[in-house]
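What follows is a single structure, written as structure tokens, with notes after it.
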There are 2 protein chains.
Amino acid sequence: MKQKTIEQAWRGAERCKSCGIRHLALFADIPQESFDRIHLPIDDITFEPGHRLYLQGDDIPFVFTIRSGLVKLAQRMRNGDRRIVRVLGQGDLAGLEGLEGLPMDHDAITLDHVTVCRIPKSVVKSLRRDNPELHMALLQRWQSALSAANTWITQLSTGSSKKRVARLLMFLHERSVDDTFFLPTRDDMGAMLGITTESASKATAEFKRKGWLKTVGQNRACIDVDELAPACE
Amino acid sequence: MKQKTIEQAWRGAERCKSCGIRHLALFADIPQESFDRIHLPIDDITFEPGHRLYLQGDDIPFVFTIRSGLVKLAQRMRNGDRRIVRVLGQGDLAGLEGLEGLPMDHDAITLDHVTVCRIPKSVVKSLRRDNPELHMALLQRWQSALSAANTWITQLSTGSSKKRVARLLMFLHERSVDDTFFLPTRDDMGAMLGITTESASKATAEFKRKGWLKTVGQNRACIDVDELAPACE
DNA sequence: ACTCAACATTGAAAAAATTAAATTCAGCGA
DNA sequence: TCGCTGAATTTAATTTTTTCAATGTTGAGT
């Protein structure tokens, strides 16, 4: 079990109004007086790479807003194969299924250093009761999650392994805050794209040789978008 | 443009309470008095195979509950490739995205004969305003759509072409009302599984040779589940 | 019965991906 | 420094998939 660090724990939600990504977060449009009536702990937590937010089958009493970093959602199949079905980034919500009282159908594991806002289901539920804004926000989260799933199928599970890797790099580039982005292990890339580790390695090595992909430090990289774009189709 | 046949059109929603699949449908738990206040047309429509419910980019004022038959959701990519991202069956909802006011990101096209219940967005919106049951029903639709998308990725976009075809047949079998199911064209199977038409044809032909798959009539088939199951992994 | 068009099947060659094994490389602790 | 370890890469053999082209099959319409 990896370690976790609780930076700050707040009674109530005073912190939310000064949250740097509030415009992206679940409570974006919730009026202040709604917060004032809520006095439940909303924790701001930092996780290191490889931490499990929850596992397939878990029944967790939280949802998580990703404040920074990347989280992979992976499903394991009976035969042991695993497939990463989505990668969440800043502003995305993890654990939506839990709100409907269903057990998780996937693992959620941090890829790099991740900060999340952990919100008890009970808070969401009680706010949802009388906040149409939150209703809308939740529906929009579902919408964007589904849209992301579609993209995952059409862009990252289709075409040759090279195209898939190229599209994955573009995807990671687009969702990054700065001009570099987190480069997953070849193993994870394979699980994201439905190809073997070796195929992922071959494609990334080729892009690096051609200078379209440059590694920066340990786990980060940047790409030449104009050069890589043609390789996507 | 394909033809459509309007079996019955109803002013108001009197019909809903006697709907045969109401337990599966969107308005399952809506109290009768809510219906009585609504007087907008909810149409019961039959489509023949190949009819487009809506196309990518459309901004439609309806959602559709599938009463019978199958509907494919397909995304087209810039290079012209298409990928079927999901197949909807009885009780599923098509056009959810429209509720959030977003244009459709996919085509919805009937595979076989399909009957739908076409509900104006405005009806859903006005009912949603004061019906927590409908809120719940909508969230659950989103949930099951997302869960289906995950299944699509892990089961139908992973592994060898034979496994994918086997899993698709199992999937179609499970969702069928009777013991036969609609067998898509090899072309559509390819688009569902991310493989070529020929690969889909070879796999289905092999299963037929082995007697694990039997065609029944034109577009329908049945499988020997016990024989086919091992081929899924 | 004939024709046409759409769909399905098949075979052979080419291309691509997977498997397996070996190698390089960087970081880490003794 | 040395050896260890995990990750990434390389290589070669094998398997799978795609491509391309030809051949069957089927049903609708004449």
Between [X] and [Y], does any side-chain donor sit less than 3.5 Å from a side-chain acceptor?
{"X": "R186(A)", "Y": "T197(A)", "value": "no"}
{"X": "R22(B)", "Y": "T65(B)", "value": "no"}
{"X": "S176(A)", "Y": "D178(A)", "value": "yes"}
{"X": "T154(B)", "Y": "Q75(A)", "value": "yes"}
{"X": "S199(A)", "Y": "T196(A)", "value": "yes"}
{"X": "T115(A)", "Y": "S68(A)", "value": "yes"}
{"X": "R67(B)", "Y": "T46(B)", "value": "no"}

Nearest whole Å is fine: how far is [N] [atom2] from [X] [atom1]?
{"X": "R186(A)", "N": "dC25(C)", "atom1": "CZ", "atom2": "C1'", "value": "13 Å"}
{"X": "Q218(B)", "N": "dA6(C)", "atom1": "CD", "atom2": "P", "value": "15 Å"}
{"X": "D187(B)", "N": "dA6(C)", "atom1": "CG", "atom2": "P", "value": "13 Å"}

Relative to the ring of Y54(B), is the ring of H106(B) parallel (under 30°), tilted (30 to 60°) or perpendicular (over 60°)? tilted
Heavy-atom count around K121(B) NZ within 6.0 Å, excluding the residue itself: above 12? yes
What does R209(A) touch in the nucleic acid at a heavy-atom separation under 4.0 angstrom: a base, only the sugar-phosphate, or nothing? sugar-phosphate
Under 4.0 Å between any heavy atoms, over every strand shown, what does K208(A) touch: base, sugar-phosphate, or nothing? Just pick one. sugar-phosphate
Pairing of D112(B) and K72(B) as salt bridge, 4.0 angstrom limit: no
Cationic tip of R118(A) above F62(A) ring, under 6.0 Å, 45° of axis: yes
Along DNA chain D, 5' to 3', what are the outermost nucleotides having an atom less than 4.0 Å from a heavy atom of chain A? dA8(D) to dT10(D)
Residues from residues 192-203 of chain A sitting under 4.0 Å of DNA chain D, heavy atoms only?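 When residues 192-203 of chain A is checked for heavy atoms under 4.0 Å from DNA chain D, the hits, listed by number, are S201(A).
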Per-helix bend value, the helix from dA1(C)-dT30(D) to dA30(C)-dT1(D), C1' rotation axes over five pairs per end, 10° rounding, shows 30°
